[in-house]
There are 2 protein chains.
Amino acid sequence: METYYDILVDELKNKNLRLSAHRLKILQYLCENLNHPTADQIYVHLQKDVPTLSKTTIYNTLHVLHEAGLVRVINIEDNETRYDIIIESHGHFKCEKCGSIFNFKVDFNVLETKDLAGFKVKDKDVYFKGVCKKCLLNIESEN
Amino acid sequence: METYYDILVDELKNKNLRLSAHRLKILQYLCENLNHPTADQIYVHLQKDVPTLSKTTIYNTLHVLHEAGLVRVINIEDNETRYDIIIESHGHFKCEKCGSIFNFKVDFNVLETKDLAGFKVKDKDVYFKGVCKKCLLNIESEN
DNA sequence: GTTCCTGCAAAAGCTTTGCAGAAGA
DNA sequence: TCTTCTGCAAAGCTTTTGCAGGAAC
């Protein structure tokens with residue numbers, strides 16, 4: 001069975017991008033960790049395995065993967081950029097207590113609007129913020 | 001007739017926030033320029049009138065206005081934060097050619113999803129990116 | 001008279017850039 | 001062999017912080 005990773009590697013080949021060891025590591029990390037990591041989180045994690053890995057390479061690779069259409073950029077918060085492999089369109093919810101990001105289904109078709117008639121829409125992002133279920137329960141149990 | 005500015009000033013009074021000269025200037029600018037400026041754009045513009053104004057005050061004021069619920073924070077792009085007085089909920093479209101940000105109507109009710117059952121949702125943002133009508137026409141006329 | 005706001009300078013934090021050496025095709 | 005990638009160090013940008021003086025109430 002072909003995994004997300006395999007599919008993405010094929011995509012890289014198709015687009016004539018080099019399959020360097022570091023790129024594959026980063027891609028693998030993204031496929032195994034669908035928790036919308038920041039560049040720094042990827043760096044800290046992979047450095048354990050690959051001590052020579054630099055942040056520059058993380059940024060470079062994320063840019064390349066984004067331009068190739070394999071990675072989504074998430075700017076739900078102003079002071080951090082997060083990354084996500086693109087599986088299917090969904091919205092992102094960020095909990096202000098624990099900082100976790102959750103995916104949720106969004107019907108992007110219903111967002112069509114005549115206000116943007118004549119516009120070419122390439123990216124659609126839906127960002128929600130608030131408090132997640134788990135944190136809400138924790139707050140309740142404290143009172 | 002009461003303007004947006006008047007309404008917002010009343011809001012500040014109600015929340016016991018000080019109506020300093022600089023705060024009122026920044027609020028006035030936001031009411032008269034509904035083009036989602038960055039902190040720097042506000043700074044550059046207002047400095048002509050108020051040379052002593054500092055960027056620190058711009059940031060401070062924007063934070064205060066945001067916490068008071070009068071200003072919306074827009075993170076459609078990773079390297080810049082934009083600000084918007086809150087009139088009614090709408091989506092934001094950013095043109096990748098000219099950089100302009102357009103508002104468009106969004107029915108936020110249809111975005112409700114059972115995936116977030118039990119979550120407390122406080123903010124909802126819809127960000128689209130692409131090319132605006134005007135830039136599309138310019139591109140066509142070049143060919 | 002208090003409290004809060006302002007502005008300067010410095011620091012912090014994330015991201016980008018330039019360039020020489022290394023690795024991929 | 002040629003092209004592209006990598007990593008270091010430095011720079012760039014936006015935003016935050018600490019603190020003394022000043023303004024609002």
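Numbers restart at 1 for each chain; the letters A, B, ... are given by sequence-line order, proteins then strands.
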Among the candidates D:dT15, C:dT15, C:dT6, find the nucleotide nearest to the side-chain atoms of B:Lys55.
-> D:dT15

Which nucleotide sits closest to the side chain of A:Arg18: D:dC5, C:dT6, D:dA23?
-> D:dC5

Rounded to the nearest Å, what distance is computed from the CG atom of residue A:Leu19 to the C1' atom of nucleotide D:dT3?
-> 15 Å

Specify the separation, in whole Å, of atom CG of A:Asn16 and atom P of D:dC5.
-> 11 Å

Under 30°, 30 to 60°, or over 60°: which ring-plane class applies to B:Phe102 and A:Phe119, parallel, tilted or perpendicular?
-> perpendicular

Euclidean distance, atom NE2 of residue B:His22 to atom C1' of C:dG7 [Å, nearest integer] = 10 Å

At under 4.0 Å between heavy atoms, what does B:Thr56 touch on the DNA or RNA strands: base, sugar-phosphate, or nothing?
-> base

Remember a base hit wins even if backbone is also touched, and classify A:Thr81 as base, sugar-phosphate or nothing at under 4.0 Å, heavy atoms.
-> sugar-phosphate

Does atom NZ of B:Lys134 have more than 12 heavy-atom neighbours, drawn from other residues, nucleotides or ligands, at distances under 6.0 Å?
-> no

Under 4.0 Å between a side-chain N or O of B:Tyr59 and OP1 or OP2 of D:dT15?
-> yes

The answer to which of B:Leu17 and B:His63 contacts DNA chain D further toward the 5' end, by nearest nucleotide, is B:His63

Distance check: side-chain N/O of A:Asn79 vs OP1/OP2 of C:dC14, anything under 4.0 Å?
-> no

Select from A:Ala21 and B:Thr38 the residue whose nearest nucleotide in DNA chain D is closer to the 5' end of that strand.
-> A:Ala21

Look at the rings of A:His92 and A:His90 and say which category their plane angle falls in: under 30° parallel, 30 to 60° tilted, over 60° perpendicular.
-> perpendicular

Beyond-backbone contact of A:Arg23 with A:Leu17, side-chain heavy atoms, under 4.5 angstrom = yes

Short side-chain N/O contact to D:dC5 OP1/OP2 from A:Thr57, under 4.0 Å = no

Base, sugar-phosphate, or nothing: which does A:Thr52 touch, judged by heavy atoms less than 4.0 Å apart?
-> sugar-phosphate

